[in-house]
Colleague: 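Take this structure, written in structure tokens, and hold onto it; I'll ask about it next.
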Amino acid sequence: MFEKVLIANRGEIALRVLRACRELGVRTVVVHSSADADSLPVRMADETVRIGPAPSRQSYLNAAAIVEAARQTGAQAVHPGYGFLSEDADFAEICAENGLVFIGPPPQVMSALADKSTARALMSRAGLPLPPGSVRTLPTVAEALEVAAEVGYPVIVKAAAGGGGRGMTVVRSAGALPRAYARTRAAAQVAFGDDRVYVERYLTDARHVEVQVLCDGHGNGVHLGTRDCSVQRRHQKLVEEAPAPGLSVATLATLAETALRGALSVGFTGAGTVEFLVDEAERCHFLEINCRIQVEHPVTEMVTGVDLVHEQLHIAAGVPLRLRQEEIRLHGVSVECRVNVEDPDRDFAPAPGRLERFRPPGGPFTRVDTHGHPGYLVSPHYDSLLAKVAVWAPDRASALDRLERALGEFDIAGPGVRTTIPFVRRVLDDAAFRKAGHTTGLVDRLLADRAPTGAPVPAPAAPAAAANQPGTSVRRTR
């Protein structure tokens, strides 16, 4: 096992990785921007390195500064968490060139899977079913129109280099496709530096189901069951649960076995997630493979008892997989919701500010992953995720009731601060969701059905300016 790991992230995932390292006796280095100088991960780390000012491009996306911080502190490995550089093959390559272990798949595997068009071709060769559409990218709108006419509308135009819910446009008619094609290519060029796109059939009444896999560098792999992530807004997940409800045992088994076969076929190592769309007839369609720990990993941990970050660290250290498929058993149901600092009454606009009150829920079988605390300034510079609440119960109805109870206990308040908790509680109260009859269209339906909210909500107060000083500092606390 490593002696020291650098955590190249922030917020709740940095704290999650830090705790796993501490449990394994591994010292931690947390890099941070000036805006995060007083965050919980920074307070709890063995060592910290300030790598730049608040903007991500100058801090958490600054590969050179992160590698230099690892070299300064003698870290042997880098854990990227999720987001930022977690699926950046170039960063993984830079780490390797500097003698650092990147805790994730090999750079060449990441590079192949990051290109959605290449990933589709690889998975097709491995026998995974794809949604109807183009396997290769489409350089002209004429080709896009031809594919769309063949598979039928609605279709979705996707950026080959897309990710995180970005780079996708749903098109419902041939007349709308040329503009959507041009707009998606332009947006992809700005966001990813790559304007290649492809087209596939858009499944309107589908479930978003994913499979957690663990693979080592010795050809071994296991799956840890399914998760349902169908409750989404603009392709961003709001509620996740394990195992995926409302599907037959045969479909769940097919998804899990197919996912593991696909991951092993490309030499995947570490913790990964294979994502599918499942239609009304329970036909499964491959979407993508994520090469990192997922935000929603707690629900898998709660139904399997497997610490996924522990396993990531052991696999990256070269240890053969410590789990066998027959040893993995799923028990009960776990449901998680994300608590984002956003205002649902203002189209989910970010609503950052200083937390005057912050009291997370507790109680039996209730887990809260958060970096929040009273007095914490939620920065406008980063993702709005403040906390994740995950619960476990023997059955789904009890798990949903427990999550509803937990959300009712959560006390978050501050000038201008709003959260997504009220909207999540609407999801939990929805009849279709309660019966596991929901699809990825659930959130849009709830928003369309929303009654007027009455008096306008006060505009969020402007957060205090974060320190923005240049330079790099190192602090050793233990």
Colleague: If you draw a 6.0 Å radius around CZ in F365, do more than 12 non-hydrogen atoms from other residues or ligands fall strictly inside?
Modeller: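 Incorrect, the count does not exceed 12.
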
Colleague: For A406 and V391, which heavy atoms make the closest approach, and how far apart are they?
Modeller: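 Heavy atoms only, the tightest pair is CB-CG1, 4.5 Å.
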
Colleague: One pair to check against salt bridge (Lys or Arg N to Asp or Glu O under 4.0 Å): E3 and R27. What are the steps and the verdict?
Modeller: CA-CA 6 Å; E3 294 180 3; R27 291 178 62 82; over 6 Å; no

Colleague: Before we go on, tell me: are the rings of F433 and H438 under 6.0 Å apart, centre to centre?
Modeller: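 F433 vs H438: aromatic centres under 6.0 Å.
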
Colleague: Hey, is the main chain of L308 close enough, under 3.5 Å, to the side chain of E301 for a donor-acceptor pair?
Modeller: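 Yes, because the side chain of E301 sits within donor-acceptor range (under 3.5 Å) of the backbone of L308.
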
Colleague: Looking at every heavy atom in both R354 and G375, which two are closest together, and how far apart are they?
Modeller: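 R354 and G375 have their closest heavy atoms at NH1-O, 2.8 Å.
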
Colleague: Using a strict cut-off of less than 4.0 Å between a Lys/Arg side-chain nitrogen and an Asp/Glu carboxylate oxygen, indicate whether R292 and E87 qualify as a salt bridge.
Modeller: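 So R292 pairs with E87 through a salt bridge.
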
Colleague: Is the closest side-chain donor-acceptor distance between S384 and E342 under 3.5 Å?
Modeller: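 S384 vs E342: donor-acceptor pair found between side chains.
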
Colleague: Below 30° counts as parallel, above 60° as perpendicular, anything between as tilted: where do the rings of F84 and Y60 land?
Modeller: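 Correct class here is parallel.
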
Colleague: Is R207 reaching over with its side chain to a backbone N or O of C229, donor-acceptor style, under 3.5 angstrom?
Modeller: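 Looks like no, no N/O pair under 3.5 Å.
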
Colleague: When you look at CZ of R71, are more than 12 heavy atoms from neighbouring residues, nucleotides or ligands closer to it than 6.0 Å?
Modeller: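 Counting other residues, nucleotides and ligands, CZ of R71 stays at 12 neighbours or fewer.
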
Colleague: Below 4.0 angstrom, N of the basic side chain to O of the carboxylate: do R402 and E336 qualify?
Modeller: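 Not counted as a salt bridge, because no side-chain N and carboxylate O are separated by less than 4.0 Å.
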
Colleague: Under a 3.5 Å threshold, yes or no: a donor from one side chain and an acceptor from the other, between E257 and H223?
Modeller: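 Note: E257 and H223 side chains miss the donor-acceptor criterion.
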
Colleague: Donor-acceptor pair, distance only, cut-off 3.5 Å: does the side chain of H79 make one with the backbone of G81?
Modeller: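 Yes: the side chain of H79 pairs with the backbone of G81.
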
Colleague: Is the shortest distance from a Lys or Arg side-chain nitrogen in R338 or E296 to a carboxylate oxygen in the other one below 4.0 Å?
Modeller: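 Salt bridge between R338 and E296, a charged N being under 4.0 Å from a carboxylate O: yes.
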
Colleague: Can you list the residues that meet the salt bridge (charged side-chain N to carboxylate O under 4.0 Å, His left out) rule with D411, with sequence neighbours excluded?
Modeller: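 Salt bridge (charged side-chain N to carboxylate O under 4.0 Å, His left out) check on D411 returns R357.
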
Colleague: Among V5, V29, V309, D46, which residue meets the side chain to side chain contact (heavy atoms under 4.5 Å, CB included) test with C21?
Modeller: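 Exactly one pass, corresponding to V5.
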
Colleague: Residues two or more places apart in sequence or in another chain: which of them pass salt bridge (charged side-chain N to carboxylate O under 4.0 Å, His left out) with E311?
Modeller: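 For E311, the residues satisfying salt bridge (charged side-chain N to carboxylate O under 4.0 Å, His left out) (neighbours in sequence not counted) are R322.
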
Colleague: Taking T304 for its side chain and T300 for its backbone only, find out whether a donor-acceptor pair lies under 3.5 Å.
Modeller: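 Answer holds: yes.
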
Colleague: Counting distance only, does the side-chain N/O of T258 pair as donor-acceptor with the main-chain N or O of L255 below 3.5 Å?
Modeller: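 Answer holds: no.
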
Colleague: Would you say R426's side chain and L446's backbone share a donor-acceptor pair under 3.5 angstrom?
Modeller: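 Flag set: sc R426 to bb L446 pair under 3.5 Å.
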
Colleague: Does a side chain donor of either T251 or T254 reach within less than 3.5 Å of an acceptor in the other side chain?
Modeller: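 Looking only at side-chain atoms, T254 and T251 do not form any donor-acceptor pair under 3.5 Å.
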
Colleague: R367 and S334: side-chain hydrogen bond (donor to acceptor under 3.5 Å, both in side chains), yes or no, with the steps?
Modeller: CA-CA 10 Å; R367 168 177 170 176; S334 181; over 6 Å; no

Colleague: Does one side chain, of H297 or R16, offer a donor that lies under 3.5 Å from an acceptor on the other?
Modeller: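 The answer is yes; a qualifying pair exists.
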
Colleague: Is atom CD of E409 surrounded by more than 12 heavy atoms (other residues, nucleotides or ligands) closer than 6.0 Å?
Modeller: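 Yes, the 6.0 Å shell around CD holds more than 12 heavy atoms from other groups.
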
Colleague: Please enumerate all residues that pass side-chain contact (heavy atoms from CB on, under 4.5 Å) together with A206, with sequence neighbours excluded.
Modeller: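 Residues passing side-chain contact (heavy atoms from CB on, under 4.5 Å) with A206: L203, L277.
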
Colleague: Just to verify, what does R57 make a salt bridge (charged side-chain N to carboxylate O under 4.0 Å, His left out) with, not counting sequence neighbours?
Modeller: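 Checked R57 against salt bridge (charged side-chain N to carboxylate O under 4.0 Å, His left out); zero matches.
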
Colleague: Can you tell me if Q76 uses its side chain to pair, donor with acceptor, with the backbone of K4 under 3.5 Å?
Modeller: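 Yes; judged by distance alone, with no hydrogens or angles, the pair exists.
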
Colleague: Can you list everything that forms a salt bridge (charged side-chain N to carboxylate O under 4.0 Å, His left out) with R233? Sequence neighbours excluded, please.
Modeller: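 By the salt bridge (charged side-chain N to carboxylate O under 4.0 Å, His left out) rule, R233 matches D347.
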
Colleague: Considering non-hydrogen atoms only, spot the tightest contact between A432 and R445 and give its length.
Modeller: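 Shortest heavy-atom contact: CB-NH2, 3.8 Å.
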
Colleague: Charged N to carboxylate O below 4.0 Å: is that the case for K388 and E12?
Modeller: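 Between E12 and K388 there is a salt bridge, with a charged N closer than 4.0 Å to a carboxylate O.
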
Colleague: Considering only NZ, NE, NH1 and NH2 on the basic side and carboxylate oxygens on the acidic side, decide whether E210 and K237 come within less than 4.0 Å.
Modeller: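 Looking at E210 and K237, the cut-off is met.
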
Colleague: Holding to ring-ring contact (aromatic ring centres under 6.0 Å, His included), I want the full list of residues that pass it with Y82, two or more places apart in sequence or in another chain.
Modeller: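 Expected list: none.
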
Colleague: Just checking, any donor-acceptor pair under 3.5 angstrom between side chains of R50 and S59?
Modeller: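 Judged by distance alone, the side chains do not pair up.
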
Colleague: Could you tell me whether the side chains of S33 and Y382 share a donor-acceptor contact shorter than 3.5 Å?
Modeller: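 Their side chains do contain a donor-acceptor pair, which is all the 3.5 Å distance test asks for.
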
Colleague: Looking at N62, L100, V78, which hits side chain to side chain contact (heavy atoms under 4.5 Å, CB included) with V67?
Modeller: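 Among N62, L100, V78, the one that satisfies the side chain to side chain contact (heavy atoms under 4.5 Å, CB included) with V67 is L100.
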
Colleague: State whether R434 and D401 are salt-bridged, where the test is any N-O pair (Lys NZ or Arg NE/NH1/NH2 against Asp/Glu carboxylate O) under 4.0 Å.
Modeller: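 Salt bridge: yes.
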
Colleague: List the atom of A256, the atom of V211, and the distance in Å for their closest heavy-atom pair.
Modeller: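 For A256 versus V211, the nearest heavy atoms are CA-CG1, 3.9 Å.
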
